[in-house]
Amino acid sequence: MNMEERLQAVVSQAETDGKKWHTIIHGDNTTTVSTENGNVPTVAKQMADVRAEVIKSVADYLGQCQTAKNETLQIKAETLSIKTQTETLKAETLALRNETETYKDLAQTTFNSIASATTASVAQVQTEGQTQIALATAQADRAEQASDSKLNIDCSNINLSTILSAFGATSNAGSNVLKFPLLLPDGAIRTIIIQFGVKYCGSDGDTSLTFNETFPNAYLTGQATFGFAVNTGSDGALAIYNATRTGAILRNGSNWAGNVNWLAIGY
């Protein structure tokens, strides 16, 4: 490339760069100029962008300030509410304190009255007791003077058997019947009757049983057990059922026959 061509290239480049500089300096606020190192905004656009960013920052700051103000007002309102509640609780506490003091005074007055009345009552009881003791002593002396001999009581005929019999407790070994009294919660005495015996039962069948005595009121419960050894390889069910005041049914569920021990309870 000769000197003229080089100068022409420089002039051409200068003209191109001058136009870009002109656009950068005098372009509107929306233009961006393309350069070898990237896009360059015009001065007007740079100023507009800075202005928009400043306005946005100020708006954000103002928004945060408004939010802080609102939160502060909310906290203030809640604080006032707590203050009002605290003052109410204070007033109620003072009222309870005054009421408690009143109850304390009443309790002390009542205690003093009770203590005074108790002291007077104890003194009166002691006085009356001494008077009754004196009267009893005088009566005993007169009774002893009027009698030349002391009363003798023969207790040889009183034993446990007679006492239990008086309450209805009996034992009849011959008829296999036992009777004993039971005190109920209402104070009444009920005579419990226990009967027992042995009954022969055939295999796999029922056998009628008549109690030794008829229960005067009711049959309560019963029990039956084998009186013989059953085969361990067979079933061995045994039951007493359909019981009345006079008797029951014995059921031998095994395939062995023999004596069955039974027991019945009633009153």
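Computed over heavy atoms, backbone and side chain alike; hydrogens, waters and symmetry mates excluded.
In the hydrophobic cluster analysis, where Ile, Leu, Val, Met, Phe, Trp and Tyr join through side-chain heavy atoms closer than 4.5 angstrom, Ile114 is grouped apart from Leu106. Residues Leu62 and Val54 share a hydrophobic cluster, clusters being chains of Ile/Leu/Val/Met/Phe/Trp/Tyr side chains in contact below 4.5 Å. Connection of Ile55 to Met47 is not established within any shared hydrophobic cluster, with ILVMFWY side chains joined at heavy-atom distances below 4.5 Å, either directly or through further cluster members. In the hydrophobic clustering of ILVMFWY residues, with side-chain heavy atoms under 4.5 Å counting as a link, Val177 and Val198 come out apart.
Asn212 approaches Gln195 most closely through the heavy-atom pair N-OE1, 2.8 Å. Shown here for Pro181 and Ile189, the closest heavy-atom pair between the two residues is CB-CG2, 3.7 Å. Nearest heavy-atom pair, Ile193 versus Pro216, reported as atom, atom and distance to 0.1 Å: CD1-CD, 3.5 Å. Residue Gly197 comes nearest to Asn176 through the heavy atom pair CA-ND2, 4.2 Å, listed as atom of the first residue, atom of the second, then distance. Contact detail for Val260 and Cys201: the closest heavy-atom pair is CG2-SG, 3.7 Å. Nearest heavy-atom pair, Leu250 versus Trp262, reported as atom, atom and distance to 0.1 Å: CD2-CB, 4.4 Å.
With rounding to the nearest 0.5 Å, the separation of CZ in Phe196 from CD1 in Ile265 is 11.5 Å. Separating the CD atom in Glu78 from the CD atom in Gln85 is a distance of 10.5 Å, to the nearest 0.5 Å. Between Gln74 atom CD and Thr79 atom OG1 the span is 9.5 Å, to the nearest 0.5 Å. With rounding to the nearest 0.5 Å, the separation of CD1 in Ile24 from CG in Asp17 is 9.5 Å. Note that the CD atom of Gln108 and the OG atom of Ser113 stand 10.0 Å from one another [nearest 0.5 Å]. For the atom pair CZ of Arg51 and NZ of Lys56, the computed distance is 15.5 Å after rounding to the nearest 0.5 Å.
Under the 4.5 Å side-chain criterion, counting only non-hydrogen atoms from C-beta, Ile194 is in contact with Leu263.
The existence of a salt bridge linking Glu213 and Lys179 is confirmed by a sub-4.0 Å separation between a basic side-chain nitrogen and an acidic carboxylate oxygen.
Checked by atom type and distance alone, the side chain of Ser81 never pairs as donor or acceptor with a backbone atom of Ala77 at under 3.5 Å. Put simply, the side chain of Ser116 never gets that close to the backbone of Asn112: no donor and acceptor are under 3.5 Å apart. Distance alone, capped at 3.5 Å, places no donor-acceptor pair between the Asp49 side chain and the Glu53 backbone. The closest donor-acceptor contact from the side chain of Ser12 to the backbone of Gln8 lies at 3.5 Å or more, if one exists at all.
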Verdict with supporting geometry, Gln46 and Thr42, side chain to side chain contact (heavy atoms under 4.5 Å, CB included): CA-CA 6 Å; Gln46 293 180 28; Thr42 63; over 6 Å; no
Step-by-step side chain to side chain contact (heavy atoms under 4.5 Å, CB included) determination, Phe215 to Tyr267: CA-CA 6 Å; Phe215 290 111; Tyr267 70 97; over 6 Å; no
Evaluation steps, side chain to side chain contact (heavy atoms under 4.5 Å, CB included), between Leu209 and Ile249: CA-CA 6 Å; Leu209 170 66; Ile249 300 296; over 6 Å; no
Thr16/Lys20 under side chain to side chain contact (heavy atoms under 4.5 Å, CB included): CA gap, chis, key distance, verdict: CA-CA 6 Å; Thr16 300; Lys20 290 185 177 182; 4.3 Å; yes
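With hydrogens and angles left out, the side-chain atoms of Asn70 and Gln66 include a donor and acceptor closer than 3.5 Å.
No more than 12 heavy atoms of other residues, nucleotides or ligands sit less than 6.0 Å from atom CG of Asn37.
With sequence neighbours left out, the ring-ring contact (aromatic ring centres under 6.0 Å, His included) criterion links Tyr241 to no other residue.
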Side chains of residues 25-32: which donor-acceptor pairs under 3.5 Å do they make with residues two or more places apart or in other chains?
| residue | atom | partner | partner atom | Å |
| --- | --- | --- | --- | --- |
| Asp28 | OD1 | Thr30 | N | 3.1 |
| Asp28 | OD1 | Thr30 | OG1 | 3.1 |
| Asp28 | OD1 | Thr31 | N | 3.1 |
| Asp28 | OD1 | Thr31 | OG1 | 2.5 |

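Annotation: cation-pi geometry not satisfied between Arg245 and Tyr219 (NZ/CZ under 6.0 angstrom from ring centroid, within 45° of ring axis).
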